[in-house]
Amino acid sequence: HAVVSASAEDVSWTRQQIDAGQGPDLAKPADWNFRLHSYLAFHNGRFWAMWSHGPKVEDYPSQHVRAATSQDGLKWSPAPLIVGPAPHPFRYISRGFWVREGRLLALASRDESYRLFGPSLELRAFAWDDTNQAWSDAGRIFPDAINNFPPKRLPNGQWMMSRRDHRMNKSMLVGGRDALDRWTVSPVAVPKDGAKLEEPFWWTLPAGNLVALFRDNSGSKRLYRAFSTDLGRSWSTPVRTNFPDATSKFNALRTSLGFHVLLSNPNPVGRNPLCLSVSRDGMVFTGMARLPLPERGTYQYPHVVEHGGFVYTIFSRDKRAIEVVRIRLFDLARMLPQEP
(Lines give C-alpha, C1' and ligand atoms only; values in the text may rest on other atoms or scores of the structure.)
Protein backbone atom coordinates (compact mmCIF):
# COMPACT_ATOMS: atom_id res chain seq x y z
CA HIS A 1 0.00 0.00 0.00
CA ALA A 2 1.64 3.21 -1.17
CA VAL A 3 0.47 6.45 0.40
CA VAL A 4 0.92 10.07 -0.61
CA SER A 5 -0.54 13.13 1.08
CA ALA A 6 -3.53 15.00 -0.31
CA SER A 7 -5.37 18.19 0.61
CA ALA A 8 -8.72 18.27 2.40
CA GLU A 9 -9.27 22.01 1.87
CA ASP A 10 -12.02 21.54 -0.72
CA VAL A 11 -13.83 18.71 1.07
CA SER A 12 -17.36 19.56 2.21
CA TRP A 13 -18.04 17.96 5.59
CA THR A 14 -20.45 18.12 8.52
CA ARG A 15 -19.83 16.82 12.06
CA GLN A 16 -22.42 15.92 14.68
CA GLN A 17 -22.32 14.34 18.14
CA ILE A 18 -24.97 11.78 19.12
CA ASP A 19 -26.71 12.40 22.44
CA ALA A 20 -26.02 8.96 23.85
CA GLY A 21 -27.87 9.18 27.15
CA GLN A 22 -26.42 8.13 30.47
CA GLY A 23 -27.20 4.46 30.92
CA PRO A 24 -29.75 2.50 32.95
CA ASP A 25 -32.25 4.53 34.91
CA LEU A 26 -30.83 3.52 38.30
CA ALA A 27 -27.25 4.55 37.49
CA LYS A 28 -25.67 7.85 38.35
CA PRO A 29 -24.79 9.80 35.20
CA ALA A 30 -21.14 10.11 36.23
CA ASP A 31 -20.83 6.31 36.23
CA TRP A 32 -21.61 5.96 32.49
CA ASN A 33 -18.91 7.79 30.56
CA PHE A 34 -17.53 5.04 28.32
CA ARG A 35 -18.62 4.85 24.66
CA LEU A 36 -16.80 2.87 21.95
CA HIS A 37 -17.28 0.20 19.22
CA SER A 38 -19.62 2.34 17.11
CA TYR A 39 -21.29 1.16 13.88
CA LEU A 40 -23.60 2.68 11.26
CA ALA A 41 -26.23 1.28 8.90
CA PHE A 42 -28.95 2.64 6.62
CA HIS A 43 -32.09 0.50 6.66
CA ASN A 44 -35.77 1.04 5.91
CA GLY A 45 -35.43 4.76 5.24
CA ARG A 46 -33.28 5.82 8.17
CA PHE A 47 -29.81 5.66 9.68
CA TRP A 48 -29.01 3.44 12.64
CA ALA A 49 -26.09 3.86 15.04
CA MET A 50 -24.99 1.47 17.79
CA TRP A 51 -22.13 1.38 20.30
CA SER A 52 -20.86 -0.09 23.58
CA HIS A 53 -21.97 1.98 26.57
CA GLY A 54 -20.63 1.46 30.05
CA PRO A 55 -18.84 2.57 33.19
CA LYS A 56 -15.73 4.70 33.20
CA VAL A 57 -13.39 1.81 32.39
CA GLU A 58 -13.51 -0.05 29.07
CA ASP A 59 -15.36 -3.38 28.82
CA TYR A 60 -16.21 -3.75 32.52
CA PRO A 61 -19.27 -5.57 33.93
CA SER A 62 -22.61 -3.91 33.16
CA GLN A 63 -21.34 -2.64 29.79
CA HIS A 64 -24.29 -2.81 27.40
CA VAL A 65 -25.27 -1.83 23.85
CA ARG A 66 -27.38 1.14 22.75
CA ALA A 67 -28.77 2.35 19.42
CA ALA A 68 -30.06 5.63 17.99
CA THR A 69 -31.77 6.50 14.69
CA SER A 70 -31.70 9.47 12.31
CA GLN A 71 -33.41 10.56 9.11
CA ASP A 72 -30.39 12.48 7.79
CA GLY A 73 -27.44 10.94 9.66
CA LEU A 74 -26.89 14.16 11.62
CA LYS A 75 -29.86 14.71 13.96
CA TRP A 76 -30.22 11.67 16.18
CA SER A 77 -32.96 10.21 18.38
CA PRO A 78 -32.51 9.21 22.02
CA ALA A 79 -30.58 5.95 22.44
CA PRO A 80 -32.54 3.11 24.10
CA LEU A 81 -30.99 -0.23 24.96
CA ILE A 82 -30.42 -3.02 22.48
CA VAL A 83 -29.27 -5.37 25.24
CA GLY A 84 -27.91 -5.32 28.78
CA PRO A 85 -26.59 -4.62 31.29
CA ALA A 86 -25.69 -8.24 32.03
CA PRO A 87 -25.33 -9.54 35.60
CA HIS A 88 -21.86 -9.47 37.12
CA PRO A 89 -19.25 -10.39 35.84
CA PHE A 90 -20.59 -10.33 32.26
CA ARG A 91 -20.58 -7.62 29.62
CA TYR A 92 -21.89 -7.01 26.11
CA ILE A 93 -19.76 -5.49 23.33
CA SER A 94 -21.31 -3.84 20.26
CA ARG A 95 -20.45 -5.72 17.03
CA GLY A 96 -22.41 -4.04 14.24
CA PHE A 97 -25.62 -4.20 12.19
CA TRP A 98 -26.42 -7.03 9.81
CA VAL A 99 -29.32 -6.75 7.34
CA ARG A 100 -30.18 -10.38 6.51
CA GLU A 101 -33.18 -11.22 4.33
CA GLY A 102 -34.60 -7.76 4.96
CA ARG A 103 -34.36 -8.15 8.74
CA LEU A 104 -32.26 -5.71 10.77
CA LEU A 105 -30.04 -7.51 13.26
CA ALA A 106 -27.74 -5.92 15.84
CA LEU A 107 -24.81 -8.13 16.81
CA ALA A 108 -23.23 -8.17 20.27
CA SER A 109 -20.71 -10.41 22.00
CA ARG A 110 -21.20 -11.60 25.58
CA ASP A 111 -18.51 -12.87 27.95
CA GLU A 112 -16.87 -12.38 31.35
CA SER A 113 -15.17 -9.04 31.94
CA TYR A 114 -11.63 -8.11 33.01
CA ARG A 115 -9.91 -10.07 30.25
CA LEU A 116 -9.83 -10.51 26.47
CA PHE A 117 -11.86 -12.72 26.35
CA GLY A 118 -13.75 -14.92 28.85
CA PRO A 119 -14.33 -18.65 28.26
CA SER A 120 -18.10 -18.16 27.86
CA LEU A 121 -17.56 -15.86 24.86
CA GLU A 122 -20.33 -15.99 22.25
CA LEU A 123 -21.72 -13.83 19.45
CA ARG A 124 -25.46 -13.12 19.59
CA ALA A 125 -28.02 -11.36 17.40
CA PHE A 126 -30.86 -9.04 18.40
CA ALA A 127 -33.68 -8.35 15.92
CA TRP A 128 -35.56 -5.08 15.47
CA ASP A 129 -39.34 -5.41 15.69
CA ASP A 130 -40.82 -2.47 13.81
CA THR A 131 -44.33 -3.13 15.13
CA ASN A 132 -43.32 -3.07 18.79
CA GLN A 133 -40.44 -0.63 18.25
CA ALA A 134 -38.11 -2.83 20.30
CA TRP A 135 -35.17 -5.22 20.08
CA SER A 136 -35.48 -8.91 20.96
CA ASP A 137 -32.97 -11.75 21.30
CA ALA A 138 -32.70 -13.61 17.97
CA GLY A 139 -30.30 -16.28 19.20
CA ARG A 140 -26.66 -17.21 19.13
CA ILE A 141 -24.69 -16.65 15.93
CA PHE A 142 -21.58 -18.65 16.91
CA PRO A 143 -19.97 -19.95 20.12
CA ASP A 144 -16.55 -18.78 21.31
CA ALA A 145 -16.55 -15.88 18.85
CA ILE A 146 -16.31 -12.12 18.65
CA ASN A 147 -16.36 -10.50 15.22
CA ASN A 148 -14.74 -7.25 14.14
CA PHE A 149 -17.33 -6.03 11.64
CA PRO A 150 -20.72 -7.53 10.68
CA PRO A 151 -20.96 -10.08 7.85
CA LYS A 152 -20.67 -9.00 4.22
CA ARG A 153 -21.77 -10.81 1.08
CA LEU A 154 -19.28 -12.92 -0.86
CA PRO A 155 -19.62 -13.18 -4.66
CA ASN A 156 -21.18 -16.66 -4.23
CA GLY A 157 -23.98 -15.37 -1.99
CA GLN A 158 -22.52 -16.61 1.30
CA TRP A 159 -21.64 -14.23 4.10
CA MET A 160 -18.25 -13.76 5.76
CA MET A 161 -16.91 -12.02 8.86
CA SER A 162 -13.77 -12.18 10.96
CA ARG A 163 -13.62 -14.07 14.23
CA ARG A 164 -11.49 -14.17 17.38
CA ASP A 165 -12.01 -16.90 19.97
CA HIS A 166 -11.40 -16.41 23.71
CA ARG A 167 -7.75 -17.47 23.25
CA MET A 168 -7.33 -14.74 20.59
CA ASN A 169 -6.96 -17.17 17.68
CA LYS A 170 -7.89 -15.48 14.38
CA SER A 171 -10.12 -16.95 11.66
CA MET A 172 -12.91 -16.13 9.23
CA LEU A 173 -16.49 -17.37 9.50
CA VAL A 174 -18.08 -18.24 6.14
CA GLY A 175 -21.79 -19.10 5.86
CA GLY A 176 -24.86 -17.49 7.37
CA ARG A 177 -26.97 -18.03 4.24
CA ASP A 178 -28.76 -21.28 5.12
CA ALA A 179 -29.21 -20.45 8.80
CA LEU A 180 -28.32 -17.68 11.20
CA ASP A 181 -25.96 -19.95 13.15
CA ARG A 182 -24.48 -22.10 10.36
CA TRP A 183 -20.86 -21.14 9.64
CA THR A 184 -17.58 -22.77 8.55
CA VAL A 185 -14.31 -21.69 10.17
CA SER A 186 -11.43 -20.67 7.87
CA PRO A 187 -8.19 -20.17 9.84
CA VAL A 188 -5.77 -17.30 9.21
CA ALA A 189 -2.06 -18.12 9.50
CA VAL A 190 0.28 -16.36 11.91
CA PRO A 191 2.75 -14.13 9.99
CA LYS A 192 6.27 -15.48 9.61
CA ASP A 193 7.63 -12.55 11.61
CA GLY A 194 5.36 -13.43 14.54
CA ALA A 195 3.22 -10.29 14.36
CA LYS A 196 0.16 -10.29 16.63
CA LEU A 197 -2.62 -9.51 14.20
CA GLU A 198 -5.98 -8.10 15.24
CA GLU A 199 -9.27 -6.69 13.96
CA PRO A 200 -9.11 -7.54 10.24
CA PHE A 201 -11.32 -6.06 7.56
CA TRP A 202 -11.77 -7.59 4.08
CA TRP A 203 -13.24 -6.65 0.72
CA THR A 204 -13.66 -8.11 -2.77
CA LEU A 205 -11.28 -7.05 -5.54
CA PRO A 206 -12.48 -6.47 -9.14
CA ALA A 207 -11.34 -9.95 -10.29
CA GLY A 208 -13.34 -11.64 -7.53
CA ASN A 209 -10.44 -12.38 -5.18
CA LEU A 210 -10.43 -11.12 -1.59
CA VAL A 211 -7.99 -8.96 0.33
CA ALA A 212 -7.86 -8.44 4.10
CA LEU A 213 -5.99 -5.87 6.16
CA PHE A 214 -4.94 -6.46 9.77
CA ARG A 215 -3.90 -4.30 12.70
CA ASP A 216 -0.60 -5.39 14.28
CA ASN A 217 -0.36 -5.41 18.09
CA SER A 218 3.36 -6.31 18.15
CA GLY A 219 4.63 -2.79 17.52
CA SER A 220 5.42 -2.60 13.79
CA LYS A 221 3.05 0.40 13.42
CA ARG A 222 2.08 -0.93 9.99
CA LEU A 223 -0.96 -2.71 8.56
CA TYR A 224 -0.62 -6.30 7.36
CA ARG A 225 -2.29 -7.81 4.30
CA ALA A 226 -3.45 -11.26 3.12
CA PHE A 227 -5.30 -12.59 0.06
CA SER A 228 -7.84 -15.30 -0.68
CA THR A 229 -8.45 -16.77 -4.15
CA ASP A 230 -11.15 -19.25 -3.05
CA LEU A 231 -13.79 -16.95 -1.50
CA GLY A 232 -12.35 -16.99 2.00
CA ARG A 233 -11.88 -20.73 2.47
CA SER A 234 -8.10 -20.22 2.75
CA TRP A 235 -5.82 -17.20 3.10
CA SER A 236 -2.22 -16.38 2.23
CA THR A 237 0.14 -15.78 5.12
CA PRO A 238 -0.24 -12.09 6.09
CA VAL A 239 2.71 -9.83 5.31
CA ARG A 240 3.57 -6.32 6.45
CA THR A 241 2.71 -3.37 4.19
CA ASN A 242 4.12 0.15 4.22
CA PHE A 243 0.78 1.62 5.32
CA PRO A 244 1.35 3.37 8.71
CA ASP A 245 -0.97 2.71 11.64
CA ALA A 246 -1.38 3.80 15.25
CA THR A 247 -2.38 0.24 16.27
CA SER A 248 -6.10 0.88 16.07
CA LYS A 249 -9.24 -0.43 14.43
CA PHE A 250 -9.93 0.77 10.87
CA ASN A 251 -12.64 0.38 8.25
CA ALA A 252 -12.96 0.56 4.44
CA LEU A 253 -15.66 0.88 1.80
CA ARG A 254 -15.95 0.45 -1.97
CA THR A 255 -18.02 3.44 -3.09
CA SER A 256 -20.72 3.51 -5.74
CA LEU A 257 -18.26 5.39 -7.97
CA GLY A 258 -15.93 2.38 -7.88
CA PHE A 259 -13.06 3.70 -5.80
CA HIS A 260 -12.22 2.63 -2.26
CA VAL A 261 -11.96 4.67 0.93
CA LEU A 262 -10.11 3.62 4.09
CA LEU A 263 -10.72 5.27 7.48
CA SER A 264 -7.83 4.83 9.92
CA ASN A 265 -5.39 6.42 12.37
CA PRO A 266 -2.20 6.45 10.24
CA ASN A 267 -0.11 8.44 12.74
CA PRO A 268 2.13 5.82 14.44
CA VAL A 269 2.33 8.01 17.56
CA GLY A 270 -1.37 7.84 18.46
CA ARG A 271 -5.04 7.87 17.50
CA ASN A 272 -5.11 11.42 16.18
CA PRO A 273 -5.64 12.38 13.41
CA LEU A 274 -8.39 10.29 11.87
CA CYS A 275 -7.68 10.13 8.13
CA LEU A 276 -9.42 9.04 4.97
CA SER A 277 -7.35 7.39 2.21
CA VAL A 278 -8.50 6.65 -1.35
CA SER A 279 -7.65 3.94 -3.88
CA ARG A 280 -8.85 3.21 -7.41
CA ASP A 281 -8.18 -0.54 -7.27
CA GLY A 282 -8.51 -1.43 -3.57
CA MET A 283 -4.83 -2.34 -3.46
CA VAL A 284 -2.72 0.82 -3.61
CA PHE A 285 -3.87 3.92 -1.73
CA THR A 286 -2.66 7.06 -3.48
CA GLY A 287 -4.30 9.88 -1.51
CA MET A 288 -4.76 10.64 2.18
CA ALA A 289 -6.54 13.53 3.90
CA ARG A 290 -6.92 14.35 7.57
CA LEU A 291 -10.54 14.75 8.67
CA PRO A 292 -11.00 18.34 9.90
CA LEU A 293 -11.40 17.45 13.57
CA PRO A 294 -9.88 19.23 16.59
CA GLU A 295 -6.23 18.37 17.16
CA ARG A 296 -6.75 17.54 20.83
CA GLY A 297 -8.04 14.18 22.02
CA THR A 298 -8.32 10.85 20.22
CA TYR A 299 -10.60 9.62 17.42
CA GLN A 300 -10.96 5.90 17.19
CA TYR A 301 -12.72 2.81 15.85
CA PRO A 302 -14.38 4.34 12.77
CA HIS A 303 -17.06 2.71 10.65
CA VAL A 304 -18.13 4.08 7.27
CA VAL A 305 -21.25 3.80 5.06
CA GLU A 306 -22.38 5.55 1.87
CA HIS A 307 -25.85 6.94 1.20
CA GLY A 308 -27.38 9.62 -1.00
CA GLY A 309 -24.13 10.97 -2.42
CA PHE A 310 -22.40 11.23 0.95
CA VAL A 311 -19.96 9.10 2.94
CA TYR A 312 -20.79 8.92 6.65
CA THR A 313 -18.26 7.83 9.24
CA ILE A 314 -19.00 7.20 12.91
CA PHE A 315 -16.29 7.08 15.58
CA SER A 316 -15.62 7.55 19.28
CA ARG A 317 -13.96 10.70 20.60
CA ASP A 318 -11.81 9.97 23.67
CA LYS A 319 -13.90 6.81 24.28
CA ARG A 320 -16.52 9.16 25.78
CA ALA A 321 -18.60 10.54 22.88
CA ILE A 322 -19.98 9.12 19.64
CA GLU A 323 -19.74 11.43 16.62
CA VAL A 324 -20.64 11.29 12.92
CA VAL A 325 -18.95 13.10 10.03
CA ARG A 326 -20.63 13.45 6.61
CA ILE A 327 -18.51 14.08 3.49
CA ARG A 328 -19.57 14.57 -0.13
CA LEU A 329 -18.64 11.57 -2.26
CA PHE A 330 -17.57 13.69 -5.24
CA ASP A 331 -15.22 15.69 -3.02
CA LEU A 332 -13.46 12.44 -2.11
CA ALA A 333 -13.25 11.46 -5.76
CA ARG A 334 -11.23 14.61 -6.40
CA MET A 335 -8.50 13.21 -4.17
CA LEU A 336 -7.79 10.51 -6.74
CA PRO A 337 -4.98 11.13 -9.27
CA GLN A 338 -6.19 11.88 -12.76
CA GLU A 339 -6.18 8.89 -15.06
CA PRO A 340 -3.87 9.17 -18.10
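Residues S120 and E112 form a side-chain contact, since some pair of their non-hydrogen atoms from C-beta on lies under 4.5 Å apart. Side chains of F259 and L332 form a contact here, defined as non-hydrogen atoms less than 4.5 Å apart. Between P155 and L231, some side-chain heavy-atom pair lies under the 4.5 Å cut-off. Contact of the V304 side chain with the Y312 side chain is not registered, since no non-hydrogen atoms from C-beta on lie closer than 4.5 Å.
Using modelled atom types, one side-chain atom of R100 and one backbone atom of G176 make a donor-acceptor pair closer than 3.5 Å. Here the side chain of R95 pairs a donor or acceptor atom with the backbone of N147 at under 3.5 angstrom. Between the side chain of D129 and the main chain of T131, a donor-acceptor pair closer than 3.5 Å is present. Within the 3.5 Å criterion, the main-chain N or O of L293 finds a donor-acceptor partner in the side chain of R290.
Sorted by first and then second residue, the pairs that involve residues 258-267 and meet side-chain hydrogen bond (donor to acceptor under 3.5 Å, both in side chains), not counting sequence neighbours, are S248-N265. Residues in residues 151-162 take part in no side-chain hydrogen bond (donor to acceptor under 3.5 Å, both in side chains) pair, two or more places apart or across chains.
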Just do the side-chain hydrogen bond (donor to acceptor under 3.5 Å, both in side chains) check on R317 and Q17 with the steps written out, would you?
CA-CA 9 Å; R317 176 168 54 85; Q17 181 173 316; 2.8 Å; yes
Between E306 and S256, is a side-chain hydrogen bond (donor to acceptor under 3.5 Å, both in side chains) present by the stated rule, with each step listed?
CA-CA 8 Å; E306 179 193 338; S256 60; 2.5 Å; yes
The test is side chain to side chain contact (heavy atoms under 4.5 Å, CB included); show your working for L262 and L276 and say whether it passes.
CA-CA 6 Å; L262 172 67; L276 188 150; over 6 Å; no
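Judged purely by distance below 3.5 Å, without hydrogens or angles, the side chains of S279 and D281 pair a donor atom with an acceptor atom. Defined by atom type and a distance below 3.5 Å, a donor-acceptor pair is missing between the side-chain atoms of R46 and Q71. Using a 3.5 Å distance cut-off with no hydrogens or angles, the side chains of D181 and W183 do not pair a donor with an acceptor. For the residue pair S316/D318, the side-chain donor-acceptor check at 3.5 Å is not satisfied.
When each of K249, R215, R164 is checked for a salt bridge (Lys or Arg N to Asp or Glu O under 4.0 Å) with E198, only R164 meets the rule. H37 pairs with exactly one of Y92, W51, Y301 by the ring-ring contact (aromatic ring centres under 6.0 Å, His included) rule, that one being Y301.
Under a cut-off of 6.0 angstrom, the local environment of CZ in F42 is crowded, with over 12 non-hydrogen atoms contributed by other residues, nucleotides or ligands. For E295, the CD atom is loosely surrounded, since the number of other residues' heavy atoms within 6.0 Å does not exceed 12.
Geometrically, R326 engages F310 in a cation-pi contact, judged by NZ or CZ lying under 6.0 Å from the ring centre and within 45° of the ring axis. Cation-pi geometry between R110 and F90 is met: under 6.0 angstrom from the ring centre, within 45 degrees of the axis.
Taking Ile, Leu, Val, Met, Phe, Trp and Tyr as members and joining any whose side-chain heavy atoms lie under 4.5 Å apart, directly or through other members, the hydrophobic cluster of M160 also contains L154, M172, V174, V188, L197, W202, L210, F214, Y224, W235.
In this structure, OG1 in T247 is found 12.0 Å from NZ in K196, a value given to the nearest 0.5 Å. Distance check, rounded to the nearest 0.5 Å: CG of L173 to CD1 of I141 gives 10.0 Å. Going from atom CD of Q63 over to atom CG of L36 covers 8.0 Å, rounded to the nearest 0.5 Å. In this structure, OG in S109 is found 6.0 Å from CG in D111, a value given to the nearest 0.5 Å.
Under the 6.0 Å cut-off for aromatic ring centres, F47 and H307 qualify, their centroids lying closer than that. In this structure, F149 has its ring center under 6.0 Å from that of F201. Ring pair W98/H43: centre-to-centre distance not below 6.0 Å. Aromatic pair Y39/H303: ring centres closer than 6.0 Å.
In this structure, R240 does not pair ionically with D193, as no charged nitrogen and carboxylate oxygen lie closer than 4.0 Å.
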